[in-house]
2 protein chains.
Amino acid sequence: MANGEAASAARTKYQQIVDDLAAQIHSGALPAGGAVPSESELMERYRVASGTVRKAVSELRAIQLIETHHGRGSFVRARPPVQRKSSDRFRRAHRLAGKAAYLAEAEESGGTPAVQVLFVGPVDAPAEIARRLGVAAGVKVLARKRRYFRDGTPTEEATSYLLWDVVKDIPAVFAENPGGGGIYARLEEHGHLLAEFAETVRARLATKPEAVALALSPGAAVLHLVREAVTDDGRVVEVCDTVMAADQFVLDYRFPARD
Amino acid sequence: MANGEAASAARTKYQQIVDDLAAQIHSGALPAGGAVPSESELMERYRVASGTVRKAVSELRAIQLIETHHGRGSFVRARPPVQRKSSDRFRRAHRLAGKAAYLAEAEESGGTPAVQVLFVGPVDAPAEIARRLGVAAGVKVLARKRRYFRDGTPTEEATSYLLWDVVKDIPAVFAENPGGGGIYARLEEHGHLLAEFAETVRARLATKPEAVALALSPGAAVLHLVREAVTDDGRVVEVCDTVMAADQFVLDYRFPARD
DNA sequence: TAGTGGTCTAGACCACTCC
DNA sequence: GAGTGGTCTAGACCACTAG
């Protein structure tokens with residue numbers, strides 16, 4: 001090391017910069033929403049090379065203290081309140097009242113929701129999806145891919161896969177907006193009464209494309225949900241694959257203790 | 001870009017290296033558990049500078065495809081089969097059969113489970129826990145903290161908080177091993193019939209102490225569960241706070257679509 | 001156009017592991 | 001001691017944002 005510091009701390013330079021900036025954020029010296037000094041300014045201030053500053057900044061981003069925007073700068077993160085996803089968001093009463101699940105949720109969490117439909121059309125069912133739908137891999141199914149926003153920032157991306165036989169006579173599910181109550185309401189109107197949902201939950205780090213789609217820093221955590229919609233006669237008619245920004249959600253489940 | 005490739009992909013060099021190595025891992029050309037070529041070898045092979053290789057390697061680590069060990073090398077992660085945590089793991093039938101929940105689970109996932117009791121004794125209820133238990137913050141409750149292992153590696157750490165009034169006359173819940181069926185069986189034997197569980201799920205990155213406790217690389221994802229046990233008379237008698245290594249678990253929930 | 005972050009180079013030196 | 005990953009330098013050039 002070039003300088004003659006005590007070095008007893010045994011900390012690396014970039015870690016010292018991380019700690020220093022983190023302390024400034026927690027103390028309020030760098031207020032939430034405000035700009036972090038630019039990388040070139042940090043290079044001067046801490047007398048280090050660009051790579052060192054970048055590593056520190058990247059660390060601060062990984063622990064979600066700041067967010068960086070190419071060409072604009074880095075900013076102290078103002079943590080938005082989390083959304084709750086409660087397991088009764090799919091209640092039939094909500095569907096009858098004309099609400100889609102995401103709206104039933106958003107109502108309670110206070111943000112302004114938005115949906116962007118990315119794709120609606122036939123696709124060859126991926127192996128994992130086909131298995132859950134009880135069809136052969138590669139069979140034609142209807143895919144509906146959309147991205148959800150809250151207050152303008154993307155929060156989750158979901159793809160629904162529906163059995164072609166089930167939906168081919170339901171024009172509304174091919175539309176961008178399937179109408180009040182969402183696709184589940186349309187399915188029930190056409191005699192496919194839903195009995196239960198089975199949801200599997202995983203957590204992992206975002207892949208690069210996911211990080212881009214959800215405006216996350218690479219290395220941020222995501223929740224990965226796969227939900228099956230099961231009808232009265234035991235058939236899985238829909239599988240919904242959802243990737244959510246982990247810091248935006250809390251999932252709620254209740255289940256009986258009895259047999 | 002130096003080479004005369006189509007370049008329509010507009011991908012960066014390090015991303016190309018990530019994609020290439022990821023493909024080799026998924027195809028089995030780089031077998032699970034095996035060594036990844038050293039950074040200097042990757043520099044030669046891809047004709048790039050050290051920093052570029054390091055960025056690619058760091059990305060692969062973030063996505064959990066490899067793990068790196070200082071001085072030894074990088075290795076393809078041997079993903080152990082994940083454990084399923086299904087919401088019926090707390091069925092009364094399991095308790096009557098003398099199984100604790102974690103054993104009911106482990107049976108199906110094939111690993112050898114182990115539990116280490118870290119602490120059993122009275123503590124002042126943390127604010128969040130007290131709120132859920134319906135008592136004032138700082139009130140004395142019984143805490144049971146333990147760490148779970150599968151095949152020798154730590155997978156989760158859980159702390160149960162129990163109302164003191166409820167457990168003070170149940171000696172078994174103060175023991176390291178509360179006996180067949182776990183503490184829930186003891187509670188029911190003493191007239192506290194459980195009606196339902198309410199579970200909240202979050203995902204986030206591991207803190208430093210969590211990473212140490214669960215032998216995770218820093219920046220790994222964890223699942224954070226908080227579960228309330230509710231009795232017949234609507235009282236929350238226990239709150240269990242659990243942090244799990246995200247790559248070890250899949251959570252399963254089923255819930256009715258009807259009202 | 002000036003300023004910002006993002007990628008990349010071609011090295012140096014250090015810390016750790018294994019033989 | 002040879003080989004590995006980890007930190008750091010002092011630049012270059014590119015891509016994006018804003019005035």
Side-chain angles (χ1 to χ4, degrees), chain A residues 1-21 30 34-62 65-77 208-209 211-212 215-220, chain B residues 1-3 5 7-21 30 34-62 65-77 211 217-219:
Chain A
M1 218 128 295
N3 63 21
E5 216 187 316
S8 62
R11 271 255 213 34
T12 61
K13 281 194 189 176
Y14 86 86
Q15 254 306 334
Q16 290 174 35
I17 299 174
V18 168
D19 291 347
D20 192 35
L21 292 175
L30 287 174
V36 175
S38 77
E39 297 187 354
S40 47
E41 187 176 339
L42 292 174
M43 286 169 66
E44 275 185 15
R45 180 177 308 180
Y46 293 104
R47 308 311 219 94
V48 294
S50 65
T52 308
V53 160
R54 286 193 58 75
K55 176 127 201 209
V57 165
S58 142
E59 186 83 5
L60 286 163
R61 188 179 41 215
L65 280 178
I66 67 173
E67 47 189 37
T68 62
H69 299 278
H70 193 171
R72 279 206 296 145
S74 294
F75 302 87
V76 178
R77 247 183 115 134
K208 189 71 185 283
V212 171
L216 301 172
S217 40
Chain B
M1 218 126 290
N3 62 21
E5 216 187 314
S8 61
R11 274 257 209 30
T12 61
K13 281 194 190 177
Y14 86 87
Q15 252 308 329
Q16 291 174 34
I17 299 175
V18 168
D19 291 346
D20 191 35
L21 292 175
L30 285 175
V36 174
S38 76
E39 296 186 356
S40 47
E41 188 175 340
L42 292 175
M43 286 169 65
E44 276 185 14
R45 179 176 308 180
Y46 294 102
R47 308 310 220 96
V48 293
S50 65
T52 307
V53 160
R54 286 194 58 75
K55 178 129 202 208
V57 165
S58 144
E59 186 81 5
L60 286 163
R61 187 180 39 217
L65 280 178
I66 67 172
E67 45 189 40
T68 61
H69 298 278
H70 193 172
R72 277 208 295 146
S74 295
F75 302 87
V76 178
R77 261 185 97 131
S217 40

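Every chain is numbered from 1 and lettered A, B, ... according to where its sequence line falls, protein lines coming before strand lines.
- Remark: R72(A) is not in phosphate contact with dC16(D), judged by side-chain N or O atoms under 4.0 Å from OP1 or OP2.
- At dT7(C), none of the side-chain N or O atoms of T52(B) fall inside 4.0 Å of OP1 or OP2 (strictly under the cut-off).
- The side chain of T68(A) places an N or O atom within less than 4.0 Å of a non-bridging phosphate oxygen (OP1 or OP2) of dG6(C).
- Atom pair E67(B):CD and dG6(D):C1' shows a separation of 17 Å (rounding to whole Å applied).
- The side chain of Y14(B) approaches dC8(C) more closely than any other nucleotide in the set dC8(C), dG5(D), dG5(C).
- OP1 or OP2 of dT7(C) has at least one side-chain nitrogen or oxygen of K55(B) nearer than 4.0 Å.
- If you measure from atom CG of L42(B) to atom C1' of dT4(D), you get 12 Å, rounded to the nearest angstrom.
- Rounded to an integer number of Å, the gap from CG of L60(B) to C1' of dG5(D) is 15 Å.
- Atom OH of Y46(A) and atom P of dT7(D) are 18 Å apart (whole Å).
- Of all non-hydrogen atoms in K13(B) and V48(B), the two that sit nearest each other are CD-CG1, 3.8 Å.
- Atoms CD (Q15(A)) and P (dG6(D)) sit 14 Å apart, rounded to a whole Å.
- Taking atom CD1 on I66(A) and atom P on dT4(C), their separation rounds to 15 Å, with Å as the unit.
- Residues E67(B) and H69(B) share a closest heavy-atom pair of OE2-NE2, 3.6 Å.
- Considering only side-chain atoms of E39(B), the nucleotide from dG6(D), dT9(C), dT7(D) that sits closest is dG6(D).
- Between G51(A) and G73(A), it is G73(A) whose nearest contact on DNA chain C lies nearer the 5' terminus.
- Of all the heavy atoms in A56(A) and Y14(A), the pair that sits closest is CB-O, 3.6 Å.
- Within the nucleic acid shown, V48(B) comes within 4.0 Å of sugar-phosphate atoms alone, with no base atom in reach, counting heavy atoms only.
- The phosphate of dG5(D) has neither OP1 nor OP2 within less than 4.0 Å of any side-chain N or O from R54(B).
- Nearest-nucleotide assignment on DNA chain D puts the 5′-proximal partner with H69(B), out of H69(B) and A49(A).
- Rounded to a whole Å, the CD atom of Q16(A) is 16 Å from the C1' atom of dG6(D).
- The nearest whole Å value for the distance from the CE atom in M43(B) to the P atom in dG6(D) is 14 Å.
- Pairing for dG19(D) is absent, with no Watson-Crick or G-U wobble pair whose two atom distances lie under 3.5 Å.
- With a 4.5 Å cut-off on side-chain heavy atoms, S58(A) and K55(A) do not count as touching.
- Here the closest non-hydrogen pair linking I17(B) and T52(B) is CD1-CG2, 4.3 Å.
- Residue R61(B) places at least one side-chain N or O under 4.0 Å from the OP1 or OP2 atom of dG6(D).
- Taking both residues in full, the closest heavy atoms of P37(A) and L42(A) are given as O-CD1, 3.6 Å, listed atom of the first, atom of the second, then distance.
- Under the stacking criterion of a centre-to-centre distance below 5.5 angstrom and an interplanar angle below 30°, H70(A) sits stacked against the six-membered ring of dA15(D).
- Put simply, T12(B) has no side-chain N or O that comes within less than 4.0 Å of OP1 or OP2 on dT7(C).
- If you check distances only, the side chain of S50(B) does reach the base of dG11(C) with a donor-acceptor pair under 3.5 Å.
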